[in-house]
Amino acid sequence: MQTPNNKIISIHGLKKTFKTTIHALSGVDLDINKGEVVSIIGPSGSGKSTLLRCMNFMEIPTEGSIVFEGNVLSIKDKHINKLREKMGMVFQSFNLFPHLSVLENITLSPKLVLHMTETDANSMAKALLEKVGLSDKVDAYPSQLSGGQKQRVAIARALAMQPDVMLFDEPTSALDPEMVGEVLSVMRTLANAGMTMVIVTHEMMFAKEVSDRVVFMAEGSIVEIGTPEVIFSNPKEERTKTFLKRVNVI
């Protein structure tokens, strides 16, 4: 784990309210350090995905601040899109363009946004596909891929933008059980390589294995933060203990 003076994301007093009555986030404080893997766990509806989506302003916070690499994020900032480019996002539902090949899905943004040449973008995409174990799917279309393969392409597409942070929003929840392992393997490789990662996940054993810290959320708030050893073996808060017992972790 990196030291606190190496913070890459700092979140203070973050609140998000939907339709004036639904308090998805109720004052969240969280720092993410460079090179750190942080897993966010908790029951459905606890605000985990909303927190992740606020980190790169896919959701605009109602109150509070988010500082990314020393920059206070604001929808009014003309540089907001440049900052967001440095946060790769992987969703539950892949979001691949069905009419584009695997190669085209990965190279589209680097060519349009980073102004890469087609040669450079293709070369990078092929290297990333090798990294995620899909070298043989360069010319395939999403309809020809399994769910696990689509998610690995989505990870390669996010990495193609050369992000400083990778955000994963329950990346295995839409997959058949036998396909989960191949996606987690790619994420494990990224973690071991030092990529800063924030992962919303229901895969408790994976979180225990790869995380530097685990964040437990409930009802829009952070209940407890600790190392995997503390959270999964000796949680301090009763709400954490209740949740982990329900998912058969303790």
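When atom types are taken as modelled, the side chain of Ser211 and the backbone of Val214 share no donor-acceptor pair closer than 3.5 angstrom. No side-chain donor-acceptor contact under 3.5 Å links Asp169 to the backbone of Phe91. In this structure, the side chain of Thr242 engages the main chain of Glu238 through a donor-acceptor pair within 3.5 Å. Proximity of a side-chain donor or acceptor of Gln144 to a complementary backbone N or O of Tyr141 within less than 3.5 Å is detected. One N or O on the side chain of Thr189 and one on the backbone of Ser185 form a donor-acceptor pair closer than 3.5 Å. A donor-acceptor pair is defined here as one N or O able to donate and one able to accept, closer than 3.5 Å; such a pair exists between the side chain of Asn192 and the backbone of Arg188. With Asn6 contributing its side chain and Asn33 its backbone, the two residues share no donor-acceptor pair below 3.5 Å. A donor-acceptor pair is defined here as one N or O able to donate and one able to accept, closer than 3.5 Å; no such pair exists between the side chain of Asp77 and the backbone of Ile75. A distance-only check finds a donor-acceptor pair linking the side chain of Thr196 to the backbone of Gly35 [under 3.5 Å]. At least one donor-acceptor pair closer than 3.5 Å links the side chain of Arg84 to the backbone N or O of Asn56.
For the atom pair NZ of Lys208 and CD of Glu229, the computed distance is 8.0 Å after rounding to the nearest 0.5 Å. Between atom CG of residue Leu52 and atom CE of residue Met89 there is a gap of 4.5 Å, rounded to the nearest 0.5 Å. Taken to the nearest 0.5 Å, the CG atom of Leu25 stands 11.0 Å off from the NZ atom of Lys15.
Shown here is Asp176, whose CG atom has more than 12 heavy atoms of other residues, nucleotides or ligands within 6.0 Å. Within 6.0 Å of atom CD in Glu178, more than 12 heavy atoms from other residues, nucleotides or ligands are found, so the atom counts as buried in its surroundings. In the displayed structure, Glu219 atom CD is contacted under 6.0 Å by at most 12 heavy atoms of other residues, nucleotides or ligands. Other residues, nucleotides and ligands contribute at most 12 non-hydrogen atoms within 6.0 Å of the NZ atom of Lys131.
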Ser135/Glu130 under side-chain hydrogen bond (donor to acceptor under 3.5 Å, both in side chains): CA gap, chis, key distance, verdict: CA-CA 5 Å; Ser135 297; Glu130 182 175 358; 4.8 Å; no
Derivation of the side chain to side chain contact (heavy atoms under 4.5 Å, CB included) call for Ile66 and Val72: CA-CA 6 Å; Ile66 300 173; Val72 179; over 6 Å; no
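Taking the ring centre of Phe18 as origin, the terminal cationic atom of Lys16 falls inside the region bounded by 6.0 Å and 45° from the ring axis.
Under the 4.5 Å side-chain heavy-atom criterion for Ile, Leu, Val, Met, Phe, Trp and Tyr, Ile199 and Ile225 are members of distinct hydrophobic clusters. Ile41 is connected to Val223 through a chain of hydrophobic side-chain contacts under 4.5 Å among Ile, Leu, Val, Met, Phe, Trp and Tyr, so both are in one cluster.
Each of Thr201, Val210, Val90, Ile155 was checked for a side chain to side chain contact (heavy atoms under 4.5 Å, CB included) with Met187, and the lone residue meeting it is Ile155.
A salt bridge does not link Glu224 to Lys236: none of the charged nitrogens lies less than 4.0 Å from a carboxylate oxygen.
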